[in-house]
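Input: a single structure, listed below in C-alpha cells.
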Protein chains: 2
Amino acid sequence: MGTTQLESVPEPKYWHLRTVLSEALDSEFSVGEILPNERDLAARFGVARATLRQALEQLELEGRLQRRRGVGTTVAPPRMGVAVGTDQDAWPGAAGDAWQPADCTLVVPPAAVATALETGAEEPVHVVRRSRVSHGQPVAAELLYIPAASVPELTAIDAPSGASRARAVLRELQHLELEGQDRAVELGSARADDAKELDRLPGAPVLVVTTRFLADGRTAALSVATYRADTCRLTFGDTGGVEIHHGPERQAS
Amino acid sequence: MGTTQLESVPEPKYWHLRTVLSEALDSEFSVGEILPNERDLAARFGVARATLRQALEQLELEGRLQRRRGVGTTVAPPRMGVAVGTDQDAWPGAAGDAWQPADCTLVVPPAAVATALETGAEEPVHVVRRSRVSHGQPVAAELLYIPAASVPELTAIDAPSGASRARAVLRELQHLELEGQDRAVELGSARADDAKELDRLPGAPVLVVTTRFLADGRTAALSVATYRADTCRLTFGDTGGVEIHHGPERQAS
DNA sequence: GAGTGGTCTAGACCACGTT
DNA sequence: ACGTGGTCTAGACCACTCA
C-alpha cells in the first residue's frame with residue numbers, strides 16, 4: 001500500500017487518504033479492531049502526521065473511527081439509531097421516556113432562552129439536567145428549561161435540589177395538557193460540560209435538537225439536547241428508521 | 001485585546017481563542033462584515049496560523065463564520081430554518097415542494113441502497129438528482145432512488161434523460177398512495193459532487209437526511225438529502241420551528 | 001514509564017477570486 | 001498580480017491511559 005500517483009486532478013492528499021483508508025476499513029478491518037498508531041500510519045503512507053490526522057478526523061466525523069487519547073484508534077460500529085420524534089403526545093418525564101434526570105436548579109435564563117420561552121427576561125426558570133444512555137454508552141445531554149409558571153403547584157420544600165427535585169418538576173409538568181411541539185436540528189460543538197458528560201473532548205461535533213413544548217397557547221417548556229454526532233443517527237417517524245451505510249461497493253454512477 | 005492568562009486549568013489555546021473570538025463577534029462585528037485575514041489575526045493573538053485556524057474551523061462549524069478561499073472570512077448570518085418534516089402525506093415532486101429536479105438516470109444501485117429498498121441487488125432503479133435553494137443560495141442536494149417497479153407506466157420514449165425525464169418519473173410516482181415514511185438525520189461529509197453543488201469544498205460537514213417512502217407495503221422510494229450543516233437548521237413539526245441563538249444580550253431581529 | 005492521541009509551532013507552497 | 005484561505009511539512013511538547 002504505497003502512495004498511488006494520479007495527480008492530473010490535484011485532489012488533496014488528505015482526501016485521497018481518507019478514501020484509501022475508508023476502503024481499507026471496509027475490506028481489511030472489523031469493528032473494534034485497533035488501527036496502527038498515527039506515527040506509523042503517516043510513515044506508511046509517506047505523509048506528515050498532520051495530514052494523516054486530517055484524514056482520520058474526516059473518518060471520525062463520519063462515524064467510521066473512534067479515537068481515544070492514550071488508547072488508540074479503533075474501527076467504530078455502525079451508528080446507533082436514536083429515536084427523537086416519538087412521544088409526540090407526551091411531556092418530557094412521562095412514563096418510560098429515555099431520559100434520566102440528574103439535577104435541577106432555579107435560575108434566570110440566558111437571554112436567548114427567555115426569548116424562545118416568550119417570557120420575561122427576569123423571570124426565573126427551572127433548569128433540569130438530564131442524560132440519555134443507549135446501548136450502555138451516553139449519547140445525549142439535555143437542558144430542559146421550564147418556566148416557574150408551568151409548574152405552579154411545585155412545593156420547594158420536599159425536594160430542594162438534585163435528582164429528586166428534577167423528578168418533582170417533571171411530575172408537575174404532566175398536569176398540563178400538551179398541545180404540540182416544534183423541533184429543530186442543527187450542528188454544534190460540545191460545550192465543556194456536555195463534552196465531559198458525553199465522554200468527548202470540548203468542541204466535539206454534536207447534533208443539537210431543540211424542542212419547544214406548547215401548552216396553554218404558550219411555550220411551556222424548552223429542551224436543548226446535544227447528541228454525539230459521531231455515534232448517533234437520529235430517527236424520526238413511526239418505526240425504527242432507515243439504515244444506509246457505507247459499504248464495500250460504492251459509487252457505481 | 002492581547003492574550004489573557006488563566007492557565008490553572010490548561011485549556012487548549014484554540015478553544016480559548018474560539019471563546020474570545022465568539023465574544024468579539026457578538027460585540028464588535030455585524031453580519032456580513034469581513035474579518036482580518038488569518039495571518040494578521042494569528043499575529044494579533046500571538047499564535048501560529050494553524051492554531052488560529054483551529055478556532056476559526058470551530059466557529060465555522062457552529063455557523064458563526066463563513067470562509068471562502070480567495071475572498072476572506074465573513075460573519076455569517078443566523079442559520080436559516082429549513083423545513084424537513086412537512087409534507088407528511090405527499091410524495092417527492094408533489095405540487096409546490098421545495099425541490100428542483102435536475103437530472104435522472106437509470107442504474108443498478110449501490111448495495112447499501114438496494115438493501116434499504118428491499119429490492120434485488122441487480123434490479124435497476126431510477127436515480128433523480130434534485131437540488132434545493134433557499135433564500136437565494138443552495139442548501140441541499142438530493143439523490144432520490146426509485147425502483148422501476150414503483151413507476152411501472154413510465155414511458156422511456158418521450159423523456160429520455162435530463163430534467164424532463166426526472167419530472168416524468170416524479171409525476172408517475174404520484175399515482176401511488178403514500179402510506180408512511182421513515183426519516184433519519186446524521187452527520188456526514190460532502191462528497192465531491194455534492195460539495196460542488198453546495199458551493200463548498202469536499203468534506204464539508206453536511207446533515208444527511210434519509211427518508212424512506214412506503215407504499216404497497218414496501219419501500220417505494222428512498223431519498224438521501226445532504227444539507228449544508230453550516231448554514232442550515234432543519235425544522236420539523238407543524239409550525240416554523242424554534243429559534244435559539246448565541247447572542248450578547250439582545251435579539252435585535 | 002511507555003505509548004497513545006491532542007496541541008502547537010514556523011515555516012512553505014498551492015488554488016482560487018478579485019483587481 | 002495580488003491577497004485570500006487551503007494544504008502540507010517536520011518537528012516539539014503535553015495529557016492521558018494502562019501495564
Side-chain angles (χ1 to χ4, degrees), chain A residues 3 7-19 21 33-61 64-76 189-190 192 195-196 199-205 230, chain B residues 3 7-19 21 33-61 64-76 189-190 192 195-196 199-205 230:
Chain A
T3 50
E7 305 306 330
S8 60
V9 174
E11 193 180 38
K13 272 190 190 177
Y14 80 92
W15 186 254
H16 180 236
L17 205 49
R18 183 208 81 107
T19 307
L21 285 170
E33 199 168 341
I34 307 176
L35 265 64
N37 72 53
E38 297 182 349
R39 291 161 179 86
D40 284 353
L41 275 180
R44 185 175 315 189
F45 286 103
V47 299
R49 189 176 157 220
T51 304
L52 185 270
R53 278 180 59 82
Q54 252 186 295
L56 294 185
E57 271 153 30
Q58 282 284 338
L59 291 168
E60 191 180 30
L61 199 78
R64 306 287 312 273
L65 291 179
Q66 186 160 357
R67 300 149 88 199
R68 272 173 305 174
R69 167 152 55 178
V71 179
T73 302
T74 57
V75 180
S189 52
K196 191 175 177 185
D199 192 24
R200 299 260 67 196
L201 294 175
D230 55 343
Chain B
T3 50
E7 305 305 332
S8 62
V9 174
E11 194 180 40
K13 271 190 190 178
Y14 80 91
W15 186 254
H16 180 237
L17 204 49
R18 183 207 81 107
T19 307
L21 285 170
E33 198 167 345
I34 308 177
L35 267 64
N37 71 50
E38 297 182 348
R39 291 161 179 86
D40 285 354
L41 274 179
R44 185 176 314 191
F45 286 102
V47 299
R49 188 175 159 224
T51 304
L52 185 270
R53 277 179 60 82
Q54 251 186 298
L56 294 185
E57 271 153 28
Q58 282 284 337
L59 291 168
E60 190 180 29
L61 199 77
R64 307 286 312 272
L65 292 179
Q66 187 160 358
R67 302 148 86 199
R68 272 173 305 173
R69 166 151 54 176
V71 180
T73 301
T74 57
V75 180
S189 52
K196 191 176 178 183
D199 193 25
R200 300 258 66 196
L201 294 174
D230 55 342

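Numbers restart at 1 for each chain; the letters A, B, ... are given by sequence-line order, proteins then strands.
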Do R68(A) and D199(A) sit within salt-bridge range, that is, some charged N less than 4.0 Å from a carboxylate O? no

If we only count heavy atoms from C-beta on, is the W15(A) to Q58(A) side-chain gap below 4.5 Å? yes

Suppose we screen for salt bridge (Lys or Arg N to Asp or Glu O under 4.0 Å). Which residues come up paired with R18(B), at least two apart in sequence or across chains? E62(B)

Could you give the CD-to-P distance, from Q58(A) to dC8(D), as a whole number of Å? 12 Å

Rounded off to whole Å, could you give me the CZ-to-P distance for the F45(A) and dC8(D) pair? 14 Å

Comparing N37(B) and L52(A) on DNA chain D - which has the more 5′ nearest nucleotide: N37(B)

Give each protein N/O atom lying under 3.5 Å from an N/O atom of nucleotides 10-19 of chain D, with the pair distance.
| unit_1 | atom_1 | unit_2 | atom_2 | d |
| --- | --- | --- | --- | --- |
| dA15(D) | O4' | R69(A) | NH1 | 3.3 |

Any non-hydrogen side-chain atom of I34(A) less than 4.5 Å from a side-chain atom of T73(A)? no

Nucleotide dA15(C), atom P - distance to OH of Y14(A) in whole Å: 14 Å

Spacing of I34(B) atom CD1 relative to dT18(C) atom P, expressed in whole Å: 11 Å

Nearest-angstrom distance from the residue atom CG of L201(B) to C1' of dT4(D): 13 Å

Using whole Å, what does the distance between atom C1' of nucleotide dG6(C) and atom CZ of R18(B) come to? 17 Å

Within the structure provided, determine whether L56(B) and R67(B) are in side-chain contact (heavy-atom separation under 4.5 Å). yes

Within-4.5 Å side-chain heavy-atom neighbours: L35(A) and T74(A): no

Return no unless some side-chain N or O of K13(A) is found under 4.0 Å from OP1 or OP2 of dG6(D). no

Go through the structure and list residues passing side chain to side chain contact (heavy atoms under 4.5 Å, CB included) with L201(B), not counting sequence neighbours. R69(B)

T51(A) side-chain N/O to dT9(D) phosphate OP1/OP2 under 4.0 Å: yes

Let me know the distance between CD of Q54(A) and C1' of dC8(D), rounded to the nearest Å. 8 Å

Looking at residues at least two apart in the chain, or sitting in another chain, which of them share a salt bridge (Lys or Arg N to Asp or Glu O under 4.0 Å) with R49(A)? E38(A)

Can you tell which of dG5(D), dG6(C), dC8(C) lies closest to the side chain of R67(B)? dG5(D)

With heavy atoms under 4.0 Å as the rule, sort L56(B) into base, sugar-phosphate or nothing. nothing

Restricting to salt bridge (Lys or Arg N to Asp or Glu O under 4.0 Å), what partner residues turn up for E57(B), sequence neighbours left out? R53(B)

Just the rounded figure in Å: distance from P of dA15(C) to CD of E38(B). 17 Å

Kindly calculate the angle separating the two end axes of the helix from dG1(C)-dC18(D) to dT18(C)-dA1(D), each obtained from five base pairs, and round it to 10 degrees. 10°

When you measure from the side-chain N and O atoms of T73(B) to the phosphate of dT4(D), is any distance below 4.0 Å, counting only OP1 and OP2? no

